Amino acid sequence: MKKYIYQLSEEEFYNFLLAYKKGVELISQEENLITFATYEPVEDLTPQAVQEVKIVPQERIFRPFTVGSFLIHRPDLIPISVNPGMAFGTGLHPTTKVCLRLIEKYFLPGWTALDVGCGSGILSIALAKLGAREVLAIDIDERAVEETKENAKRNGVSLQVKQATPADLEESYQFLVANLELPIFEKEATHIKRLFSVRGVFSGLYGGDDLEKFLKLFQDHKVVKIVKMRGWYGVVLEK
Ligand SMILES: C[S@@+](CC[C@H](N)C(=O)[O-])C[C@H]1O[C@@H](n2cnc3c(N)ncnc32)[C@H](O)[C@@H]1O
């Protein structure tokens, strides 16, 4: 494929864009001179250069960006807006990232879902946006419950949010996500097991030792997938 590089003054460029009615790749803007590229020759314009280009996936070209307060992104991306406040869950921590990756792959739209230790609510919001029929978000911490409620509103999704531990719940969900820590899994394992009926995503396990102990704890479940990100493990289990 060939890339045709052109230079026009700012005024000429905007007039050209109006007439051209297709997208162009903006390369640079210096003073009054705009350099841009098209992927076909433009009639009546002489290119500065013609380059051979490799096909690159769209997601590598069009990355999300901000202009002032606006966030512009491709339509296939799922935006999640979070204010973590005092709760855990900006999406930057490897354990949250691991959960988001695994949720995207192993959760099916239409399932009911339980998020144990919701923090900011980021994982519950992801589940709701992926088409969960019902999401219950629980956390032991009152501030996390408040943040999750606020963040749900901010994202226009409907979540049930409760200050609770797994021991307080009776109903079982098709899918469960829990980004906790080994000592909490050890304490809550019996309840966690009875609270999901199909598949669960678990994270918050640091190093091989944690992973081994966790797998022993859930040895009555089928291990579907184990992933590792910067020393943190994520595990997908099935009944
Ligand atoms: C590591 S954060 C995860 C937050 C968010 N889910 C994420 O992935 O970014 C763990 C959360 O679990 C909560 N938590 C700890 N023990 C819990 C328990 N026994 N039952 C429910 N929530 C618990 C903490 O208050 C904290 O908000």
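Just follow the structure's listing: the first ligand is 1, and inside any ligand the first atom is 1. Small disclaimer: the values here were computed from a predicted structure and weren't measured.
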Open item on the list: Tell me whether ligand 1 is touched by Ala164 - counting only heavy atoms on the residue side and a distance under 4.0 Å.
Closed with: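 Within the 4.0 Å threshold, so yes.
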
- [ ] Using non-hydrogen atoms of the residue, decide whether Gly204 is closer than 4.0 angstrom to ligand 1.
- [x]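 Checking ligand 1 against Gly204, which is what was asked, there is no heavy-atom contact under 4.0 Å.
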
Quick one: nearest non-hydrogen protein atom to [atom], plus distance?
atom: atom 1 (C) of ligand 1; answer: Asn179 O, 3.4 Å
atom: atom 6 (N) of ligand 1; answer: Gly117 O, 2.8 Å
atom: atom 22 (N) of ligand 1; answer: Ile140 N, 3.3 Å
atom: atom 19 (N) of ligand 1; answer: Glu188 OE2, 2.9 Å
atom: atom 9 (O) of ligand 1; answer: Thr96 OG1, 2.8 Å
atom: atom 25 (O) of ligand 1; answer: Asp139 OD1, 2.6 Å
atom: atom 16 (N) of ligand 1; answer: Ile184 CD1, 3.6 Å

Number the atoms of ligand 1 from 1 as they appear, then name those within less than 4.0 Å of a heavy atom of [X], with their elements.
X: Asp141; result: 25 (O)
X: Thr165; result: 20 (N)
X: Leu123; result: 6 (N), 8 (O)
X: Gly119; result: 4 (C), 27 (O)
X: Pro166; result: 20 (N)

Open item on the list: Taking atom NZ as the centre, does Lys3 end up with more than 12 heavy-atom neighbours from other residues, nucleotides or ligands that are less than 6.0 angstrom away?
Closed with: yes

Task: Within 6.0 angstrom of Glu10 CD, more than 12 heavy atoms from elsewhere - done: yes

Task: cation_pi(Lys193, Phe218) dist<6.0 Å, angle<=45 - done: yes

Task: Pi-cation contact, Phe196 with Lys239 (under 6.0 Å, within 45°) - done: yes

Open item on the list: Can a donor-acceptor pair be found, under 3.5 Å and without considering hydrogens, that links the side chain of Glu238 to the backbone of Arg199?
Closed with: no

Task: For the student: nearest non-hydrogen atoms of Val98 and Met229, plus distance - done: CG2-CB, 3.6 Å

- [ ] Looking only at non-hydrogen atoms, find the nearest pair between Arg194 and Ser172 and report the distance.
- [x] O-CB, 3.5 Å

Task: Aromatic centroids of Phe202 and Phe214 separated by under 6.0 Å - done: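 Yes, ring centres under 6.0 Å apart.
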
Open item on the list: Taking the ring centre of each residue, are Phe16 and Tyr6 less than 6.0 Å apart?
Closed with: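 No, ring centres 6.0 Å or more apart.
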
Task: Residues Thr112 and Glu134: side-chain donor-acceptor under 3.5 angstrom - done: no

Task: In one Ile/Leu/Val/Met/Phe/Trp/Tyr side-chain cluster, 4.5 Å: Tyr4, Leu17 - done: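 They do share one cluster, since a chain of ILVMFWY contacts under 4.5 Å joins Tyr4 to Leu17.
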
At under 4.0 Å between heavy atoms, which part of [X] makes contact with ligand 1: side chain, backbone, both or neither?
X: Cys118; result: backbone
X: Ile122; result: side chain
X: Val177; result: neither

